[in-house]
Amino acid sequence: MTPTDMAALHGLCFSGTACWPAEAFARTLEGRGIFVVEAAGGFALGRAVADEAELLTFAVHPDRRRLGIGRDLLERFEAAARDRGAVSAYLEVAADNDAARALYAGAGWDVAGRRAGYYGAGDALILRKAL
């Protein structure tokens, strides 16, 4: 996927400041430790540095949800992070994003913290998983 492709899909999944433009993807993809896993209708963008990984953003086309693509991408993100030497991974998710929280909980991610007001009026949960 190109940065333009990623931004287009991201735009279908997020709104406002949560939606990344193509330029943000292009800059991020140039960063240290950055990697992408892709599937038909989705992608996960991560970073692995030293022994930690972070899931930076994750998108599955709205028409392709509930088909196991998200679960597959998450598993592939975790495997790619392990391959890069990570022993733990982190992510942030909106506290009110029930679908994403259910996906992460089902994959063994645990709440490690909370950032009040991180998404404007909404809180972010910091999730962690030992890899």
Side-chain angles (χ1 to χ4, degrees):
M1 285 185 138
T2 68
T4 301
D5 296 333
M6 295 170 92
L9 177 55
H10 211 254
L12 295 173
C13 300
F14 297 94
S15 61
T17 58
C19 182
W20 292 25
E23 297 78 21
F25 281 106
R27 280 191 310 273
T28 301
L29 289 167
E30 295 172 357
R32 178 175 169 238
I34 297 296
F35 63 96
V36 179
V37 293
E38 300 176 28
F43 70 90
L45 175 64
R47 172 180 24 234
V49 177
D51 66 348
E52 290 184 351
E54 180 181 8
L55 180 59
L56 299 171
T57 194
F58 180 85
V60 175
H61 192 287
D63 292 342
R64 306 275 303 162
R65 291 183 182 157
R66 304 198 60 79
L67 299 174
I69 294 168
R71 184 177 54 253
D72 177 60
L73 283 168
L74 192 55
E75 289 170 0
R76 291 175 52 214
F77 161 81
E78 293 168 6
R82 278 192 302 274
D83 290 347
R84 289 163 173 77
V87 297
S88 60
Y90 294 86
L91 63 84
E92 293 169 350
V93 63
D96 62 355
N97 187 338
D98 295 333
R101 289 184 60 197
L103 172 68
Y104 298 135
W109 290 73
D110 298 311
V111 176
R114 183 181 204 98
R115 291 189 172 136
Y118 187 75
Y119 293 112
D123 293 354
L125 297 178
I126 301 165
L127 304 185
R128 179 188 182 281
K129 182 175 182 178
L131 300 175

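This one's a predicted model, so the numbers in the text were calculated from it and none came from an experiment.
A distance of 11.5 Å separates CE of Met1 from CG of Leu45, quoted to the nearest 0.5 Å. Annotation: the span from Leu73 atom CG to Glu38 atom CD amounts to 9.0 Å, rounded to 0.5 Å. Residue Thr28 holds its OG1 atom at 11.0 Å from CD of Glu23, rounded to the nearest 0.5 Å.
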Determine, stepwise, if the pair Leu91 / Glu54 fulfils side chain to side chain contact (heavy atoms under 4.5 Å, CB included). CA-CA 6 Å; Leu91 63 84; Glu54 180 181 8; 5.8 Å; no

Step by step, work out the side chain to side chain contact (heavy atoms under 4.5 Å, CB included) result for Tyr104 and Leu74. CA-CA 8 Å; Tyr104 298 135; Leu74 192 55; 3.6 Å; yes

Going through the distances and angles, do Leu56 and Ile34 end up as a side chain to side chain contact (heavy atoms under 4.5 Å, CB included)? CA-CA 9 Å; Leu56 299 171; Ile34 297 296; 3.7 Å; yes

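Heavy atoms only, all atoms of each residue included: Ala95 and Arg101 are closest at O-NH1, 2.9 Å. Of all heavy-atom pairs between Leu9 and Gly41, the closest is CD2-O, 3.8 Å. The minimum heavy-atom distance between Ala39 and Arg76, with the atom names listed, is CB-NH1, 3.9 Å. Here the closest heavy-atom approach between residue Asp123 and residue Ala116 is recorded as OD1-CA, 3.2 Å.
Leu131 and Phe58 fall into different hydrophobic clusters, where Ile, Leu, Val, Met, Phe, Trp and Tyr residues are linked whenever their side-chain heavy atoms come under 4.5 Å apart, directly or through other members. No path of Ile, Leu, Val, Met, Phe, Trp and Tyr side chains, each step under 4.5 Å between heavy atoms, connects Phe35 with Val49, placing them in separate hydrophobic clusters.
Two residues are said to be in side-chain contact when any heavy atoms from C-beta on lie closer than 4.5 Å; Arg65 and Cys13 meet this criterion. Inter-residue side-chain proximity for Val36 and Met6 is flagged as met; some heavy-atom pair is nearer than 4.5 Å. In this structure the side chain of Phe14 reaches within 4.5 angstrom of the side chain of Thr57, judged on heavy atoms. Side-chain contact between Arg71 and Glu75 is present, with heavy atoms from C-beta onward closer than 4.5 Å. Considering only heavy atoms from C-beta on, Phe43 stays 4.5 Å or farther from Val37 through its side chain. Contact of the Tyr118 side chain with the Ile126 side chain is not registered, since no non-hydrogen atoms from C-beta on lie closer than 4.5 Å.
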Return all side-chain donor-acceptor pairs below 3.5 angstrom for residues 77-88, not counting sequence neighbours, or 'none' if the list is empty.
from	atom 1	to	atom 2	distance (Å)
Glu78	OE1	Lys129	NZ	2.9
Glu78	OE2	Trp109	NE1	2.9
Glu78	OE2	Lys129	NZ	3.3
Arg84	NH1	Ala80	O	3.0

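Relative orientation of the His10 and Phe25 rings is perpendicular, given thresholds of 30° and 60° on the angle between their planes.
Ion pair Asp110/Arg128 not flagged as a salt bridge, since none of the NZ, NE, NH1 or NH2 atoms sits closer than 4.0 Å to an Asp/Glu carboxylate oxygen.
Asp72 places no side-chain N or O within donor-acceptor distance of the main-chain N or O of Ile69, the cut-off being under 3.5 Å. Using a distance-only test at 3.5 Å, with no hydrogens or angles considered, no donor-acceptor pair links the side chain of Arg47 to the main chain of Leu55.
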